[in-house]
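Just so you know, these numbers use all the heavy atoms, side chains as well, and skip hydrogens, waters and symmetry mates.
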Amino acid sequence: MADKPKFYITTPIYYTNGLPHIGHTYSTIVCDAIRRYKRMQGFDVIMTTGTDEHGVNVERSAKKAGMPESEFVGKMAAEWRNLWDELGVQGDEFIRTTDLKHAHTVQWLFKQCRENGFIYPGHYTGQYCIYDNAYVDVKPGENCPDCGRPTETVTEDNYYFKLSAFQKPLLDWYEKHPDFIQPEARRNEVLSFVEGGLRDLSITRTSIRWGIPVPGEEPHVFYVWFDALTAYLSAVGGPAFAKSGYWPADIHLVGKEIIRFHAVYWPAFLMAAGLPIPKQIWAHGWLLMDSAKMSKSLGNVVRPRPIVNVLGMDALRYYLLRETVFGADGNFSYDALVQRYNSDLANGLGNLASRTAAMIEKNCGGKIPESGAFQAQDDALAAVAQSTVVEVQEQYSALGFSRALEMIWALISAADKYLTTEHPWSLKETPEDQARRATILYTAAEVLRVVAVLAFPIIPDSAGKVWTLLGQAGSPQSFAIGGLRWGQLRVGTSLGKSQTLFPRIDKAEAIERMEAMEHEAQNAPPPTADATPAATPAATPAAPAAAPATPERIGIEDFVKVEMRVGQIKTAERIVGADKLLKLTVDIGTEIRQICAGIAQFYEPEKLIGRKVAVVTNLAPRKLRGVESNGMIVAASVGPEGRPVLAGFPDEDVEVGARLK
């Protein structure tokens, strides 16, 4: 490994106040794709991801959950880490900001900046946004200008960082390194911010206790951004970063909403400490749902697990990187996801692989045949493949994932058309026709080999299966992508075991299953991991959490948050294309609500009219199969198949709208 050039890439250090949705997954998948591609180029790559576990939001969330902060963040970090492991995008380094090595790095960085004259004591009174962890220039009572949520008035003693001293150094750096901030729109945004003038930045807090302490300056703890940003450095050696050889980072990949912290504050901290600055900050756009950014507070988040359970991880990876131009906002919809799955993956790559393998098994004894003389159409497809090899690598290097996948699938389409035009299945058993068939099948198999190598960074599991199907040793990961050329498929290689890559799936059924799983996840209780994850020692010791033998008990204060009322069903009808869902209108006393319920297989719509049921009325609205559901009907789950039985009031005359207690 020592002779390989090093490459270091980071995801954001994710905040532990909630669980991952596909916006977080998108960031991590992009980094994972870059990591795989750079390794295929021969780089020694480290990818860091992790969790940001300090700050007032965490302190309050832990208090609300009734547990120590260390236990709360341990459980949340375990959820994040387990999900990335499950999805195969876990990163090479998982850094927690409660790790002891991280605390030492933050304290060391502070000491360097202070000794260089860029930190001084001060006093702050003003507005603070706990959601963005940022001081904001608004009046008391006004909302945060960035996220639009309420701010809080903070008065406390702080240590200040002389950010104002770095306006010119930063502008000079941006001018000297025009590609430092990407894409161009984000660069212009940062330039405008810095040119407007920089004010000194408070980097410690005294009004909260959950954070890394400033040595000898208690009760000061570090401001969450001075803390979290430093995680990129602590993951690769901290003060001993020079030994690892990975710093400065080649790419910090972040969401556009945190570009200022990464492109202004972070390089200024590093300049003040006399440390190397990262080579590039790449800010991607948002994944939008119903034209709005995904947000837990809006109730429009989509989690990756239901999608992976129904379609597989590669389908999610392909969709996110094919559908969204990197750097721009993208739109997510289940309909487009399943459409891509069936058209591009099942009918495209999956169909080409299965039909090619089947014909080689039938006509060539299951071995890669030796091609005869190439004709013009064979040469034409080979030329398309070779040009695709060059162009896709150029796109990957420029992070043009969508365009790269478009090119790969154009090659797949060309190969499908080639097989249809040449129809090897209809050739006779004459020596001439047999030679022609062998040429056609070799050409199709070679296209598959090229596709397996090129698509591996995006769909590693499926590309690996194609590779194995072609009888190739190892994995596409071990193939030097820079040496990929047409004609490298060895004649006589026995095919591997055939397997269906992407079985076609009924769109309506798939969407219904994913939405039902998502709806269940949205209404699930918070995670209750039974231990903190395996990691380096925490800066603050965490109390062990014992696995409960019975379901976790909640206090009455948690129960009363759920508002349930007696409702009466006014109308009920089936939803077209959704076998399990009924669309109901329910009178809850104060209004008529539209609610979707997954009971269509067990209840006839017309028999529900007039029935009184228990309704949860304070759930955030959620769309199921494009129909808004504003509440939830309460039902028991009976038997091994989970048959729903509606909770109701068959024998008592209960007033509609009555509160359930």
Calculate, to the nearest 0.5 Å, the distance between atoms [atom1] and [atom2] belonging to [X] and [Y] respectively.
| X | Y | atom1 | atom2 | value |
| --- | --- | --- | --- | --- |
| Ser202 | Tyr223 | OG | OH | 8.0 Å |
| Leu646 | Leu608 | CG | CG | 6.5 Å |
| Cys596 | Leu582 | SG | CG | 9.0 Å |

Minimum side-chain heavy-atom gap [X]-[Y] below 4.5 Å:
| X | Y | result |
| --- | --- | --- |
| Pro304 | Leu316 | yes |
| Val615 | Arg565 | no |
| Val154 | Thr125 | no |
| Asp344 | Tyr319 | no |
| Gln127 | Thr153 | yes |
| Arg60 | Trp210 | no |

With no hydrogens and no angle check, do the side chains of [X] and [Y] hold a donor and an acceptor under 3.5 Å apart?
| X | Y | answer |
| --- | --- | --- |
| His284 | Asp329 | no |
| Ser462 | Tyr318 | no |
| Arg149 | Asn143 | no |
| Ser402 | Glu323 | no |
| Thr16 | Glu53 | no |

State whether [X] and [Y] are salt-bridged, where the test is any N-O pair (Lys NZ or Arg NE/NH1/NH2 against Asp/Glu carboxylate O) under 4.0 Å.
| X | Y | result |
| --- | --- | --- |
| Lys612 | Asp653 | yes |
| Glu189 | Arg186 | yes |
| Glu604 | Arg574 | yes |
| Arg81 | Glu79 | no |
| Lys63 | Glu59 | no |
| Glu86 | Arg305 | yes |
| Arg35 | Asp92 | yes |
| Glu515 | Arg513 | no |

Notebook entry, point to check: Between Tyr265 and Trp225, is the gap from one ring center to the other below 6.0 Å?
Noted result: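 No - the distance between ring centres of Tyr265 and Trp225 does not fall below the 6.0 Å cut-off.
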
Check: Within 45° of the axis and under 6.0 Å from the centre of the six-membered ring of Tyr26, does NZ or CZ of Arg317 qualify?
Finding: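 No cation-pi geometry.
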
Checklist line | Worked verdict on Arg593 versus Glu591 for salt bridge (charged side-chain N to carboxylate O under 4.0 Å, His left out) | finding: CA-CA 6 Å; Arg593 291 276 190 93; Glu591 60 179 305; 3.2 Å; yes

Next item on the list: Please check if the side chain of Thr500 supplies one atom and the backbone of Pro503 the other of a donor-acceptor pair under 3.5 Å.
Entry: no

Note to self: Strictly distance-based, threshold 3.5 Å: is any side-chain N or O of Asp99 a donor or acceptor partner for the main-chain N or O of His102?
What the structure shows: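 It does not hold such a pair.
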
Next item on the list: Take Thr585 and Gln594, measure what side chain to side chain donor-acceptor pair (under 3.5 Å) needs, and give me the verdict at the end.
Entry: CA-CA 4 Å; Thr585 56; Gln594 177 175 284; over 6 Å; no

Note to self: Assess the residue pair Phe326 and Trp282 against the criterion (ring-ring contact (aromatic ring centres under 6.0 Å, His included)); give the C-alpha distance rounded to whole Å, side-chain angles, the decisive distance to 0.1 Å, and a yes or no.
What the structure shows: CA-CA 10 Å; Phe326 187 65; Trp282 246 105; 4.8 Å; yes

Next item on the list: Just jot down the side chain to side chain donor-acceptor pair (under 3.5 Å) partners of Trp266, sequence neighbours excluded, or say none.
Entry: His252

Checklist line | Option from Thr49, Thr28, Asp52, Thr51 for which side-chain hydrogen bond (donor to acceptor under 3.5 Å, both in side chains) with Tyr14 holds | finding: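 Output: one option passes, namely Thr28.
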
Notebook entry, point to check: Taking it one step at a time, do Tyr232 and His262 satisfy ring-ring contact (aromatic ring centres under 6.0 Å, His included)?
Noted result: CA-CA 11 Å; Tyr232 302 130; His262 287 78; 5.6 Å; yes

